[in-house]
Protein chains: 2
Amino acid sequence: MPESQQQIQLARRPQGVPKHEDFRFETISVPKPKQGEVLVKTLYVSVDPYMRGRMQNTKSYVEPFALDEALSGGVIAEVVSDGDGQFKKGDIVIGNLNWQEYSAASESALRKIDTSIAPASAYLGILGMTGLTAYFGLMDIGRPKQGETVVISGAAGAVGSTVGQIAKIKGARVVGIAGSDEKIAYLKDELQFDEAINYKTEDDIQKALADACPDGVDVYFDNVGGPISDSVMNLLNEFARIPVCGAISSYNAESEKDDMGPRVQSKLIKTKALMQGFIVSDYSERFPEGAKQLAEWLKDGKLHYEETITEGFDKIPDAFLGLFQGKNKGKQLIKVSEPSVKK
Amino acid sequence: MPESQQQIQLARRPQGVPKHEDFRFETISVPKPKQGEVLVKTLYVSVDPYMRGRMQNTKSYVEPFALDEALSGGVIAEVVSDGDGQFKKGDIVIGNLNWQEYSAASESALRKIDTSIAPASAYLGILGMTGLTAYFGLMDIGRPKQGETVVISGAAGAVGSTVGQIAKIKGARVVGIAGSDEKIAYLKDELQFDEAINYKTEDDIQKALADACPDGVDVYFDNVGGPISDSVMNLLNEFARIPVCGAISSYNAESEKDDMGPRVQSKLIKTKALMQGFIVSDYSERFPEGAKQLAEWLKDGKLHYEETITEGFDKIPDAFLGLFQGKNKGKQLIKVSEPSVKK
């Protein structure tokens with residue numbers, strides 16, 4: 001076991017688009033686990049767009065990250081100390097942990113995962129918060145019916161691609177919006193979306209959407225906000241439902257002035273539509289239901305998922321910054337190390 | 001009975017704020033009722049902001065008004081012919097009728113009203129669509145709880161003033177926004193709103209709202225859209241509910257460019273808030289429930305209402321145009337004639 005390790009801290013609160021200078025690599029000692037803790041080694045780190053919000057010091061659904069302290073998030077780790085509790089050396093666990101190579105973690109904050117169902121990394125994606133976000137946002141707020149049209153922005157992302165597949169399982173017509181020809185091909189050819197629109201190469205996104213949705217839009221699963229959402233809002237059907245999951249195009253706005261668009265009120269009235277913001281933890285009591293259904297669909301081959309796995313602890317900031325340039329296809333993870341205990 | 005009468009038609013589709021030139025007074029003959037119809041004389045005409053939307057030729061929840069044909073809406077009328085059906089001369093009825101002095105109306109499209117409960121005009125307001133709009137929007141979408149803060153824009157209007165009183169009955173803290181000192185006094189002194197803000201004289205509406213809502217906003221009943229709503233959206237509490245009832249500030253926008261504001265998506269996500277457009281007819285199956293409750297509250301002295309009654313058929317366009325200048329306090333009606341049969 002090394003004596004020192006790297007930790008990534010928030011060096012300053014980003015202004016607009018986050019930059020490398022907002023992060024600091026600090027050398028710290030490898031902690032000694034106390035009573036009730038185990039030492040774990042980081043295998044995979046998840047980077048997610050919502051973390052941009054936590055870098056701001058504003059009221060939100062989660063506490064902001066503290067300046068000059070470690071960043072943290074979903075992590076898959078290997079237990080490397082022999083605890084006297086529930087975990088033993090070699091167990092693969094999931095938890096919310098600091099961005100560092102080794103952590104002393106309270107056993108109660110870790111959950112063992114079953115890598116016989118799916119690879120460990122899937123528990124940060126399709127079988128974790130990502131899959132559950134897609135499942136509850138679509139099923140509880142979107143409520144797609146057979147034959148309805150479901151539009152998804154950020155469709156090739158980890159959440160979006162899962163939403164589209166669940167909507168297909170439910171018999172809806174699915175239209176995805178994404179930002180590269182490779183992503184469009186993935187949505188249409190691999191995930192069998194009915195239509196997919198490359199917003200970066202379409203001259204007239206409003207017309208492309210209207211063409212792709214001749215019967216209007218019944219559900220709009222919104223991962224991005226911004227001008228794309230402005231366009232979808234013009235195609236809503238009566239009683240449309242809009243789960244508002246992410247607004248990645250707004251996260252880097254420095255003030256309201258950077259995120260102006262056509263107001264939605266008259267559009268909501270005309271269509272009697274519903275828009276609802278949500279965060280997966282609102283559904284924590286129903287996680288077992290969602291996880292069971294996702295695992296079933298995965299086992300039956302009805303759900304596919306992609307991962308973009310970047311290698312190396314030092315690449316975590318790069319991978320995070322890449323989210324805002326749409327570099328990832330599916331879930332963006334960083335592989336930090338291999339398990340020590342081979343199975 | 002006269003042989004000819006006046007009818008008001010849509011002469012052209014308004015551009016921006018409606019003008020007198022958009023209306024045409026046409027002399028037409030007084031119709032003869034056919035089988036199943038009765039002749040009725042118009043007593044009161046209701047003018048409502050939503051009618052602005054029907055003057056546009058765009059997809060909405062109701063058919064647009066046709067050019068060069070009669071405008072129409074809620075009307076209280078007196079039966080002046082002896083039908084062979086359910087109505088007799090002197091009955092006071094309500095229906096959706098053309099803006100003209102006499103109509104031959106199908107009996108099935110009329111409903112007799114009981115003027116012993118409230119004056120006839122109340123059936124176009126507190127006991128009619130206005131009251132039901134307030135009731136269902138607040139109770140079904142807003143769902144105010146004891147001690148929560150309910151903010152209402154257009155608070156001195158017919159719907160807004162009813163919403164505030166129902167919210168008080170439900171134990172909420174009520175903050176109204178309106179556009180004159182007279183309206184503010186009415187809200188605070190007569191309707192017992194906890195706070196009321198004059199948006200026309202406040203230098204900083206955002207600060208005034210924050211001061212009036214120290215615990216944030218749990219329900220925002222939105223009658224106006226526009227910059228006022230932009231400000232309220234910055235004060236939402238977790239799981240806030242926003243019934244979107246009207247957007248009077250947007251109805252005269254000539255294009256999306258005239259109705260731009262800060263996007264709502266990131267605000268909805270941060271607070272997990274819900275925005276929902278609605279129209280009272282969505283609740284038509286539950287009208288008896290709402291009407292019964294409103295009549296009970298009215299009888300118990302728990303609901304007060306104001307009417308702005310303009311006299312004279314020729315003043316209908318004036319009264320309609322006045323809605324967009326906030327000239328009315330409470331329900332805007334036009335008294336066209338007195339009943340012929342005195343009771």
Side-chain angles (χ1 to χ4, degrees), chain A residues 49-50 52-53 56 58-62 141 153 206 216 222-227 229-231 233-251 253 255-279 281-282, chain B residues 49-50 52-53 56 58-62 141 153 206 216 222-227 229-231 233-251 253 255-279 281-282:
Chain A
Y50 82 87
R52 174 66 183 85
Q56 243 29 55
T58 54
K59 183 177 158 186
S60 186
Y61 49 80
V62 279
I141 302 172
S153 56
Q206 185 70 73
D222 189 359
N223 284 306
V224 303
S229 297
D230 298 343
S231 295
M233 293 297 291
N234 291 324
L235 297 171
L236 300 180
N237 286 334
E238 270 209 327
F239 301 112
R241 289 83 66 198
I242 307 169
V244 186
C245 178
I248 196 165
S249 78
S250 306
Y251 292 161
S255 80
E256 280 194 343
K257 289 196 181 60
D258 299 329
D259 189 27
M260 302 284 276
R263 292 198 181 91
V264 298
Q265 284 85 353
S266 56
K267 299 172 190 192
L268 295 178
I269 296 173
K270 271 183 200 156
T271 57
K272 292 91 70 86
L274 175 153
M275 279 182 100
Q276 189 171 355
F278 74 102
I279 165 84
S281 56
D282 299 342
Chain B
Y50 82 87
R52 175 65 183 84
Q56 249 19 64
T58 53
K59 183 176 158 185
S60 185
Y61 49 81
V62 278
I141 302 172
S153 56
Q206 185 70 74
D222 189 359
N223 284 306
V224 304
S229 298
D230 298 343
S231 296
M233 294 297 292
N234 291 323
L235 297 171
L236 300 180
N237 286 335
E238 269 208 328
F239 301 111
R241 289 84 64 199
I242 306 169
V244 186
C245 178
I248 196 165
S249 78
S250 305
Y251 291 161
S255 80
E256 280 195 341
K257 289 196 179 60
D258 298 329
D259 189 27
M260 302 284 276
R263 292 198 181 89
V264 298
Q265 283 86 352
S266 56
K267 299 173 191 193
L268 296 179
I269 296 173
K270 272 183 198 157
T271 57
K272 290 93 67 90
L274 175 151
M275 277 180 103
Q276 189 171 355
F278 75 102
I279 166 84
S281 56
D282 299 343

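Sequence lines set the chain letters: A, B, ... in the order given, protein chains first and strands last, and positions in each chain run from 1.
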(Q) Does any part of the side chain of A:Gln265, heavy atoms only, come nearer than 4.5 Å to the side chain of B:Met275, both counted from C-beta? (A) yes
Q: Count the heavy-atom pairs under 4.5 Å between each of A:Val244, A:Ile141, A:Val224 and chain B, then report the option with the highest count.
A: A:Val244
Q.
I need the A:Lys267 NZ to B:Asp259 CG distance, nearest 0.5 Å.
A. 8.0 Å
(Q) Let me confirm one number: the NZ-CD distance from B:Lys272 to A:Gln276, rounded to the nearest 0.5 Å. (A) 10.5 Å
Q: Indicate yes or no: at least one non-hydrogen side-chain atom of B:Ile269 is less than 4.5 angstrom from one of A:Tyr50.
A: no
Q | Approximate separation, where rounding is to 0.5 Å, of A:Ile279 CD1 and B:Lys270 NZ | A | 13.0 Å
(Q) Which one wins on heavy-atom pair count under 4.5 Å against chain A: B:Ala273, B:Gly261, B:Gly225? (A) B:Gly261
**Q.** Contact winner vs chain B - A:Ala247, A:Ser229, A:Pro262, A:Gly246, heavy-atom pairs under 4.5 Å
**A.** A:Pro262
Q: Would you mind checking which part of A:Pro227 comes under 4.5 Å of any heavy atom in chain B, side chain (CB onward), backbone (N, CA, C, O), both or neither?
A: both
